[in-house]
Amino acid sequence: MLGHNRKCPECGSADIVSDFNKGTSVCASCGLVLDTQIDLGPEWRAYNSSELQERSRTGSPITPLKAEMGLRTQIGNIRKDITGRTLPFTSQTKYRRLSRIDNRTRKSEIRNLRFALKELKRIKSQLELPADVAEMGAMIYRKALKKNLIRGRSIDGMIAASLYLACRKKKLPQTLKDIASVSNISSKELGRCIRIILQKLDLKISPSDYSALVHRLGISLRVTMKARRQAVKILNIARSKGATVGKNPMSLAAASLYISTIQTGERRTQQEIATVAKITPVTIRNRFKELVKILDAESKRTGNDSLRTLLI
DNA sequence: TAAGATAAGAGGGACAT
DNA sequence: ATGTCAGTCTTATCTTA
């Protein structure tokens, strides 16, 4: 049943939207479906396993990945009320007008969504993103569309931005560059779109998850788990000192891995790391210098020598 | 050859006007 | 709305070990 003043367990937003047509409550912020008041199971019985196999669903599933969510509702041109009596003329006019407005807005919206979701699916398959991320991206885009953020901007850019934000929500280590490289827009433009959505939609996006980036880089560089853990540890210290604000998370992950691989004796060159991280060695050097400073101060303060980087 | 230093330029955020 | 300023990141080039 519908409670009041609920909060989304995923993102804490109180912006819960109930859709009585579909019988669901959805978090307007992150797209999490909170409950379902209708029975989504089949309305028939399976008498043997082959029937279960071939008839395990009636109708298409409800999904934000389809332009009309897999369902369709529409205000028709109503002339009679539910008991069959003809409505007064003024009501008929009203419904005719509603129907027309409904049709118009619906048409442009659906057309936009068809286009957008096609692009979304293309990026999804190219980057091999999981379905739940794609669905969340679609929800974010729908929200942006409702708020009229799309008009006058490129659909491709806004879709890519929605997907990027969904990845951030789901803590997937995708960078802005990754998305931009498979989309036909530049990182610059993608950044602009992301900013627009972030500003206008009030999404609760946690700061980038360093550990996911570190592991992703670490795997590409074939370094041990030990080095990766050490890198994460370094970043946590840096963050506690406020040294990570405003820095590209990827460059921080790269620099901390550079340090940790030296400490564990599996050194990689700055160039090697820079290539995998798709940044420049100069940036690694800059972050590297800052991190070393912090780590030395920290080891002096705690007397913990394992952080020392003087051996370099 | 790897890595450090330096400089110049692009782009965006914060802030004042 | 527009301009300025500090800070980030990139690219290029030269130097050092």
Side-chain angles (χ1 to χ4, degrees), chain A residues 144 148-154 156-158 160-165 167-168 173-210 212-214 216-218 220-223 227 230-231 234-297 307-312:
Chain A
N148 247 325
L149 299 184
I150 313 294
R151 184 173 302 178
R153 303 195 174 91
S154 95
D156 286 354
M158 295 305 267
S162 304
L163 261 182
Y164 171 79
L165 290 170
C167 290
R168 286 276 296 278
Q174 299 289 336
T175 64
L176 206 140
K177 271 189 194 169
D178 296 328
I179 309 264
S181 70
V182 299
S183 176
N184 47 7
I185 57 165
S186 63
S187 308
K188 206 169 62 184
E189 212 175 312
L190 178 56
R192 246 199 303 272
C193 293
I194 291 170
R195 237 167 291 122
I196 289 163
I197 296 183
L198 269 182
Q199 282 165 5
K200 307 281 165 134
L201 280 198
D202 185 36
L203 297 173
K204 309 276 181 308
I205 301 282
S206 46
S208 287
D209 188 0
Y210 300 118
L213 281 178
V214 165
R216 177 182 146 184
L217 279 188
S220 304
L221 290 165
R222 319 182 92 79
V223 306
Q230 174 71 2
I234 291 170
L235 284 182
N236 284 335
I237 294 172
R239 176 156 52 186
S240 72
K241 301 289 171 200
T244 58
V245 191
K247 305 286 202 297
N248 179 352
M250 187 55 106
S251 61
L252 287 163
S256 66
L257 261 176
Y258 178 63
I259 296 177
S260 74
T261 53
I262 290 172
Q263 289 173 337
T264 60
E266 25 179 332
R267 178 177 197 139
R268 300 289 186 278
T269 66
Q270 293 175 359
Q271 184 60 62
E272 274 178 284
I273 301 179
T275 305
V276 176
K278 300 197 177 85
I279 57 174
T280 64
V282 181
T283 305
I284 294 188
R285 279 197 281 281
N286 292 337
R287 295 292 86 74
F288 167 70
K289 273 189 287 187
E290 296 162 8
L291 290 178
V292 166
K293 214 159 148 192
I294 289 167
L295 292 178
D296 281 349
L307 292 174
R308 282 223 95 112
T309 49
L310 298 181
L311 49 147
I312 300 157

Fill in: Heavy-atom closest pair, residues A:L149 and A:M158
O-CE, 3.8 Å
Worksheet entry | Among B:dA5, B:dG12, B:dA3, the nucleotide that comes nearest once only the side chain of A:K188 is considered | B:dG12
Worksheet entry | Heavy-atom pair with the smallest gap, counting every atom of A:I197 and A:A161 | CD1-CB, 3.8 Å
Worksheet item: What heavy-atom pair brings A:L257 and A:I273 nearest, and what distance separates the two atoms?
Response: C-CD1, 4.3 Å
Practice prompt. Whole angstrom is fine here: how far is it from CZ in A:R268 over to P in B:dT1?
Written response: 18 Å
Worksheet entry | Length of the line joining A:Q271:CD and C:dT11:P, which is rounded to integer Å | 11 Å
Item to complete: Taking only Lys NZ, Arg NE, NH1 and NH2, and the carboxylate oxygens of Asp or Glu, determine whether A:R287 and A:E290 approach each other closer than 4.0 Å.
Response: yes
Worksheet item: Is A:D178 close to A:R216 at the side-chain level, that is, under 4.5 Å between some pair of heavy atoms?
Response: yes
Practice prompt. Name every residue in residues 278-286 of chain A that has at least one heavy atom under 4.0 Å from any atom of DNA chain C, in order of residue number, or write none if there are no such residues.
Written response: A:I279, A:T280, A:V282, A:T283
Worksheet item: Under 4.0 Å between a side-chain N or O of A:Q270 and OP1 or OP2 of B:dG4?
Response: yes
Practice prompt. Taking only the side-chain heavy atoms of A:K247 (C-beta and beyond), determine which of C:dT8, B:dA3, C:dT10 contains the nearest atom.
Written response: C:dT8
Between protein and nucleic acid, restricted to nucleotides 13-15 of chain B and to nitrogen or oxygen atoms under 3.5 Å apart, what atom pairs and distances do you find?
unit_1	atom_1	unit_2	atom_2	d
B:dG13	OP1	A:R195	NE	2.7
B:dG13	OP1	A:R195	NH1	3.4

Worksheet item: Which heavy atom of A:A255 sits nearest a heavy atom of A:F288, and at what distance?
Response: CB-N, 3.8 Å
Worksheet item: To the nearest angstrom, how far is A:K289 atom NZ from B:dT6 atom C1'?
Response: 10 Å
Practice prompt. Please report the shortest heavy-atom distance between A:R239 and A:Y210, naming the atom on each side.
Written response: NH1-CE1, 3.4 Å
Item to complete: Would you indicate which nucleotide in C:dT10, C:dC9, B:dA3 comes nearest to any side-chain atom of A:R287?
Response: C:dC9
Worksheet item: Closest approach of A:K241 and A:I294, non-hydrogen atoms and distance?
Response: CG-CG2, 3.8 Å
